[in-house]
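Here is the structure we will look at.
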Amino acid sequence: MGLILSAMQAYANVMWASLTAPARPALAGQINPKIKALMDGYQGVPQQVSTSVNIQQLQKVKNMRDLAEVCSGIAPGRILRSACPTSANQQDADIIRQKLKITHLVDLRSTYERSEDPNSLLVRNAELQVSKRQGSMTQMEKFEPVGEQSAHSGLTIHHLSLIERSRYYKAILLKIPFATSAYALAVMPFDSFKGKSAIMAEVNKGGLPMLYEMILETSGPEIKCALEVITEAAEAGEPLLFFCKIGKDRTGVLAALLLSCCGAKPEEIIADYHRSDSVIQEIALGGLEKEDKELNQIDQAVFSKAPAEVMAATLSHLDDAYGGAAAYLQSIGFTREQQQRLAKALAVPISSQ
């Protein structure tokens with residue numbers, strides 16, 4: 001038995017050396033042709049719309065914008081995105097509720113992140129709906145508001161987490177190379193840190209594109225439910241704001257799918273995503289970056305940014321793996337008819353409803 005364990009340890013040491021060796025830099029010009037084509041069409045200048053002035057007056061809520069700023073198929077004021085707005089002060093709350101007239105918040109954060117919320121002026125006494133996954137389906141469970149009526153009541157919050165611990169780690173195991181999995185299993189009994197570090201090395205190599213692929217692959221029911229909530233609000237003429245913690249990753253993936261539904265060009269989707277790069281440079285992985293010490297090894301320089309090429313890679317993945325964003329949405333149960341309804345509703349100016 002001792003010889004077997006010694007052999008396993010020797011194998012693990014060899015694998016560790018190979019896995020931690022410096023990666024070779026990519027040769028210039030070695031870019032996926034589809035990604036290169038998307039990058040060639042990228043334009044990073046959004047247009048100003050009627051809501052832009054109000055958004056620019058926000059003090060505490062970061063990274064907010066109207067999707068109409070990059071897509072002419074969306075009417076201003078219908079659908080907005082941001083970082084978490086629970087930090088809103090009185091001025092921000094007034095702008096969001098009274099000037100932008102937001103009546104729905106779609107919260108893509110994890111249960112852990114939501115537990116850290118302050119007693120926010122914005123969401124005080126709001127009606128709460130929390131998603132509950134049952135198999136491949138997600139249903140919303142309603143909770144009545146508690147407390148006295150406030151100036152900002154009449155708001156509904158829909159909690160739909162796109163990153164949760166169990167789904168995240170299962171997705172990683174399916175994504176990393178078999179050799180890394182074998183190494184991790186071999187070394188864990190002797191040195192759990194080495195095993196987990198090898199997995200984190202693959203996470204860093206995969207970067208944001210791999211993270212976004214995992215969100216698409218593991219959060220289909222939540223994405224479908226979020227789009228159904230957005231469609232219902234849009235058809236009722238009720239402005240909606242969707243967000244995660246920093247408004248970059250989970251929000252960026254959902255925004256890309258929404259913009260695709262509304263006929264946005266790839267370069268417009270890339271432009272919308274890349275705007276986060278200059279606003280917030282922070283990591284948010286559903287709170288896992290705080291709970292798990294191994295995630296301290298995550299590459300800050302990679303995961304805190306929003307490079308245009310990352311969204312270009314994600315759009316390329318949607319094409320290669322599913323046949324495009326529309327086909328992906330259909331695969332998770334958001335049908336072509338529903339996609340058309342969503343696009344039609346978001347194109348109608350609020351004043352005409």
Are Glu222 and Arg167 packed together at the side-chain level, in the sense that at least one heavy-atom pair is separated by less than 4.5 angstrom?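 A side-chain contact exists here, since the closest heavy-atom pair is under 4.5 Å.
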Between [X] and [Y], what is the shortest heavy-atom contact and its length?
{"X": "Gly333", "Y": "Gln338", "value": "O-OE1, 3.2 Å"}
{"X": "Phe334", "Y": "Gln339", "value": "O-NE2, 3.0 Å"}
{"X": "Pro307", "Y": "Asp277", "value": "N-OD1, 3.9 Å"}
{"X": "Asp66", "Y": "Thr51", "value": "OD2-OG1, 2.7 Å"}
{"X": "Ser52", "Y": "Gln48", "value": "CB-OE1, 3.3 Å"}
{"X": "Ser276", "Y": "Gly247", "value": "OG-O, 3.5 Å"}

If you measure from [atom1] on [X] to [atom2] on [Y], what distance do you get to the nearest 0.5 Å?
{"X": "Ile157", "Y": "Phe243", "atom1": "CD1", "atom2": "CZ", "value": "6.5 Å"}
{"X": "Ile223", "Y": "Arg250", "atom1": "CD1", "atom2": "CZ", "value": "12.0 Å"}
{"X": "Arg109", "Y": "Ile163", "atom1": "CZ", "atom2": "CD1", "value": "13.0 Å"}
{"X": "Leu67", "Y": "Ile74", "atom1": "CG", "atom2": "CD1", "value": "5.0 Å"}
{"X": "Glu238", "Y": "Lys101", "atom1": "CD", "atom2": "NZ", "value": "13.0 Å"}
{"X": "Ile246", "Y": "Lys62", "atom1": "CD1", "atom2": "NZ", "value": "14.0 Å"}

Same cluster for Val49 and Leu241 if Ile/Leu/Val/Met/Phe/Trp/Tyr side chains link at under 4.5 Å?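 Result: no, two separate clusters.
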Counting only heavy atoms not in Glu217, do more than 12 fall under 6.0 Å of its CD?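 Atom CD in Glu217 is packed in, count exceeds 12.
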Is the number of heavy atoms from other residues, nucleotides or ligands within 6.0 Å of NZ (Lys60) greater than 12?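 No - once you tally the heavy atoms of other residues, nucleotides and ligands closer than 6.0 Å, there are 12 at most.
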Test salt bridge (charged side-chain N to carboxylate O under 4.0 Å, His left out) on Arg341 and Glu337; report intermediate values, then the result. CA-CA 6 Å; Arg341 280 177 52 200; Glu337 180 184 356; 5.9 Å; no
If only side-chain N and O atoms count, and only distance matters, is there a donor-acceptor pair under 3.5 Å linking Gln129 with Thr156?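 On atom types as modelled, these side chains do not qualify, holding no pair under 3.5 Å.
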Angle between ring planes, His104 versus His158, binned at 30° and 60°: parallel, tilted or perpendicular?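 Ring orientation, 0 to 90° scale: parallel.
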